[in-house]
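To start, the structure under review is shown below, and the notes come after it.
To find a chain, count down the sequence lines: A is the first, B the second, and so on, and within it residues start at 1.
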2 protein chains.
Amino acid sequence: MKRPTISDIAAECGVSLSTVSLVLNNNPRISEATREKVWKAVEKFSYYPNVQARGLAMCASQVLSVVVPNLRHVFSDIYFGEIISGIYDAATQANCKVILDIANEKFVERHEHMSLLKSRRVDGMLFIASSVEHEYLFDFEKTSYPFMLVNHYFPGHSLNYIVFDYNQSGRISAEHLLGLGHRSIGIITGLNTYTGRSLSESFRTTCIGAGLSEKDLPLTDCGPEWSEGAGEEAARRLVEANPSITALMCGNDRMAIGALRYLHTRGIRVPEQMSVIGMDDIPRATYTTPGLTTIHHSLYEIGRLACERLLSLFRGEIKTCSEVLPVNLVVRESTATPASR
Amino acid sequence: MKRPTISDIAAECGVSLSTVSLVLNNNPRISEATREKVWKAVEKFSYYPNVQARGLAMCASQVLSVVVPNLRHVFSDIYFGEIISGIYDAATQANCKVILDIANEKFVERHEHMSLLKSRRVDGMLFIASSVEHEYLFDFEKTSYPFMLVNHYFPGHSLNYIVFDYNQSGRISAEHLLGLGHRSIGIITGLNTYTGRSLSESFRTTCIGAGLSEKDLPLTDCGPEWSEGAGEEAARRLVEANPSITALMCGNDRMAIGALRYLHTRGIRVPEQMSVIGMDDIPRATYTTPGLTTIHHSLYEIGRLACERLLSLFRGEIKTCSEVLPVNLVVRESTATPASR
DNA sequence: GGCCTTTATTAAAACGTTAAAGCCTTCCGG
DNA sequence: CCGGAAGGCTTTAACGTTTTAATAAAGGCC
């Protein structure tokens, strides 16, 4: 039952503790003969180094925390799932483990964003989709602990982040719809993130630059969930209050799918009577009827990159990070020239 | 930058290390005065105990691993997501953290199921939906490390598990369809798990007990993915090869939803021309058209219970665990009396 | 042969906590 | 007045690594 330790290996081989440690860490200053002898004993005893002792000595835990918001079914959400996959792969490649955290009241109240780092439980933290009101994150400005905001940022605060270019997303989708001839477009997005806000801002700015006015661009805040249900409800409100709109721009694909569902139940044909454009390009966007036109955001990739940057921060290779990733339009069947009325 | 340690607190308060340690661990043998003095200093220095040192001294990491299979989009799958939510909540309540692991080739080849425990990285492991071929799990029979199989088991092997009563699920769904008058029923399930196998076994046994014959009960193995796509494809094969069937029994709701999609594209009306019954009762089962009749499996609950049992195993309160959870039928609109032909 | 370098190994000091055992006081009953 | 117990705190030895500086041995050069 007692687990073997480094001294058992040392005793078996007739060498010192440090020799064993050096062999295990592939230090070249050890002779081939001893090296082999040690590995044999390691094999024989089925020895694995105690990571806590190692962590204590090296001041590193080889664990990263990924923090997701407190939403229902957050662990079955494609948005978070893809990002987490990217993080997992990058972390695994660097021999790190990933722990899960949810930013609920308890998390905030216990200051876990700091205590996890201060107590050396994790080497760094990744925050996915934090909301504008998550001001506890500002604590990081005063310290130098490794952390990254993934696809979110706080304007005017120096917090490390990596985001998709939501300005570009807004501009591209506006240009696409304007190019098809739409002159009155409804906007569905959450305003609980600065990315959502900059998306609607740049979309509107582009449209207004093309001659549209504010009142041609009604907006509905879908709330913090960004779900199909929220998109369905927002589409309903928007279409009922603004009969003249011929297109809907949605802050993510899940809401766009919700909008499609609403339009379907109301018998409004897409794209003939109403164009719909989404954002993210999740796998399901291919299977909707009609196929969803959308802006491609590589969620897996942003997760992977965020994790790599975090590790660079931890190793001191970089001091800060503020990176913006390009996006691109994917045209499918849900957008078309509006029917002349 | 240097983090405060227990000795800084001790020095500040003019007491010994152990006194501080005892205060931090709420030991009653310390006077109220000292207790207060120490907490003040802890607050002042914003001190958090080093978890690695604590773990080393206590021989516990306060970390659990949850292992999921190597499937595409596994972190956005409702089945795993709900179970992980349950595990997360139970672990958090016990002051434990949860790390994520994927049972891919690398995981198996590196014997991570053992090394994580032997290296004291985790206190216990939870395996969700392992497949019949995951024979590396048999290693646990020879040892006494804490682990649990969640909603899976290996007949003939003494491995801790907690499962839904798939025999009951098979029997109940069979009785429901037989009661409606169906005499020829297609079965869609994965045969890569023993739960899937026992489901189809008990379903068939019940039907045969009611006078049906083997050839009235064609079965299609949907493969290891248990996804909508797999369900759609399996339904196609089954319906094309067996025109006489009037109902489909599916191993989970996702495949049932895929089957509904196939039937819809072929213009086969549900439930008039074909009844469909699913399994799990995921949230989406309420929103399908028609609403999906299914067997309710409380996935969150099985995750929560599995984690609690794992912690009991770790604390030595129990030696083994083999628990079976009851299920119940949820009748919606996707099943009905077959049209007489 | 003496001196310097290189190579292979080790002793010992961290790393920051817990816990068993022990040491003073103080209190109490006889 | 003494023995024993209880309360409050400390001493010290783990826990199992890494790492720096030191040591010993061997080899090369003059």
Side-chain angles (χ1 to χ4, degrees), chain A residues 1-39 41-42 45-63 95 115-123, chain B residues 1-39 41-42 45-63 95 115-123:
Chain A
M1 191 57 216
K2 179 84 177 60
R3 302 166 209 219
T5 73
I6 208 170
S7 15
D8 296 321
I9 307 294
E12 169 84 5
C13 300
V15 297
S16 74
L17 301 185
S18 1
T19 305
V20 177
S21 174
L22 292 169
V23 170
L24 292 172
N25 292 304
N26 290 315
N27 190 305
R29 298 170 52 83
I30 300 290
S31 73
E32 198 49 52
T34 1
R35 188 177 296 280
E36 204 169 309
K37 196 166 54 175
V38 169
W39 278 117
V42 166
F45 285 33
S46 162
Y47 163 80
Y48 291 93
N50 181 313
V51 294
Q52 321 231 35
R54 170 174 280 180
L56 181 57
M58 305 213 311
C59 293
S61 63
Q62 302 278 85
V63 177
N95 257 304
S115 72
L116 288 179
L117 289 159
K118 291 197 178 182
S119 67
R120 278 252 145 78
R121 193 183 274 286
V122 302
D123 290 344
Chain B
M1 193 55 216
K2 178 84 177 58
R3 303 168 207 219
T5 73
I6 207 170
S7 13
D8 296 319
I9 306 294
E12 169 83 5
C13 300
V15 298
S16 75
L17 300 185
S18 7
T19 304
V20 177
S21 174
L22 291 170
V23 170
L24 292 171
N25 293 304
N26 289 316
N27 190 304
R29 298 171 50 84
I30 301 289
S31 72
E32 196 50 51
T34 334
R35 187 178 296 280
E36 204 170 307
K37 195 165 55 177
V38 169
W39 278 118
V42 165
F45 285 35
S46 163
Y47 163 81
Y48 290 93
N50 182 313
V51 294
Q52 321 232 35
R54 168 177 280 180
L56 181 57
M58 304 212 312
C59 293
S61 64
Q62 303 277 84
V63 177
N95 258 302
S115 71
L116 288 179
L117 288 159
K118 291 196 179 182
S119 67
R120 278 252 144 79
R121 194 182 273 286
V122 302
D123 290 343

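Between atom CG of residue B:Leu17 and atom OG1 of residue B:Thr5 there is a gap of 7.5 Å, rounded to the nearest 0.5 Å. Rounding to the nearest 0.5 Å places CD of A:Gln52 at 11.5 Å from CZ of B:Arg54. Interatomic distance, B:Asn25 CG to B:Ser18 OG, rounded to the nearest 0.5 Å: 11.5 Å.
Donor-acceptor pairing under 3.5 Å, judged by distance alone, is present between the side chain of B:Ser18 and the base of D:dT11. Scanning atom types as modelled, no donor and acceptor separated by under 3.5 angstrom connect the side chain of B:Arg29 and the base of D:dG7.
Listed pair B:Tyr47 / C:dT17 meets the phosphate criterion, a side-chain N or O lying under 4.0 Å from OP1 or OP2. Taking 4.0 angstrom as the limit, B:Asn25 places a side-chain polar atom (N or O) nearer than this to OP1 or OP2 of C:dT18. Within the 4.0 Å cut-off from OP1 or OP2 of D:dC9, not a single side-chain nitrogen or oxygen of B:Thr19 is found. In this structure, A:Thr5 does not reach the D:dG16 phosphate: none of its side-chain N or O atoms is under 4.0 Å from OP1 or OP2.
As a whole-Å value, the separation of B:Ile6 CD1 from C:dT17 C1' is 6 Å. When the C1' atom of C:dC15 is taken as reference, atom OH of B:Tyr48 falls 21 Å away, rounded to whole Å. In this structure, CZ of A:Arg35 is placed 14 Å from P of C:dT7, rounded to the nearest angstrom. Atom-to-atom, CG of B:Leu24 to P of C:dT17 comes out at 8 Å; the value is rounded to the nearest Å. Nucleotide C:dA14 holds its P atom 17 Å from the CZ atom of A:Arg120, rounded to whole Å. Rounded to whole angstrom, the span from the CG atom of A:Asn27 across to the C1' atom of C:dT7 amounts to 12 Å. Computed from coordinates, the A:Glu32 CD to C:dT9 C1' distance equals 16 Å when rounded to whole Å. Taking atom CG on B:Asp8 and atom P on C:dT17, their separation rounds to 9 Å, with Å as the unit.
When all heavy atoms are compared, the tightest approach of A:Tyr47 to A:Pro4 is CD1-O, 3.4 Å.
Residue A:Arg54 places its side chain closer to D:dT18 than to any other of C:dT18, D:dT18, D:dG16. Listed nucleotides D:dC9, C:dT9, D:dT17 differ in distance to B:Thr34; the shortest reach to its side chain belongs to D:dC9. Closest to the side chain of A:Leu56, out of C:dA19, D:dT19, D:dG16, is D:dG16. Each of C:dC15, C:dA8, C:dT18 was ranked by its minimum atom distance to the side chain of A:Ser31; first place goes to C:dA8.
Looking at which nucleotide of DNA chain D each of B:Leu17 and A:Pro4 is closest to, the 5′-most match is held by B:Leu17.
The backbone N or O of B:Pro49 sits nowhere less than 3.5 Å from a side-chain atom of B:Arg3 that would complete a donor-acceptor pair.
Using a 4.0 Å heavy-atom distance criterion, A:Val51 is classed as making no nucleic acid contact.
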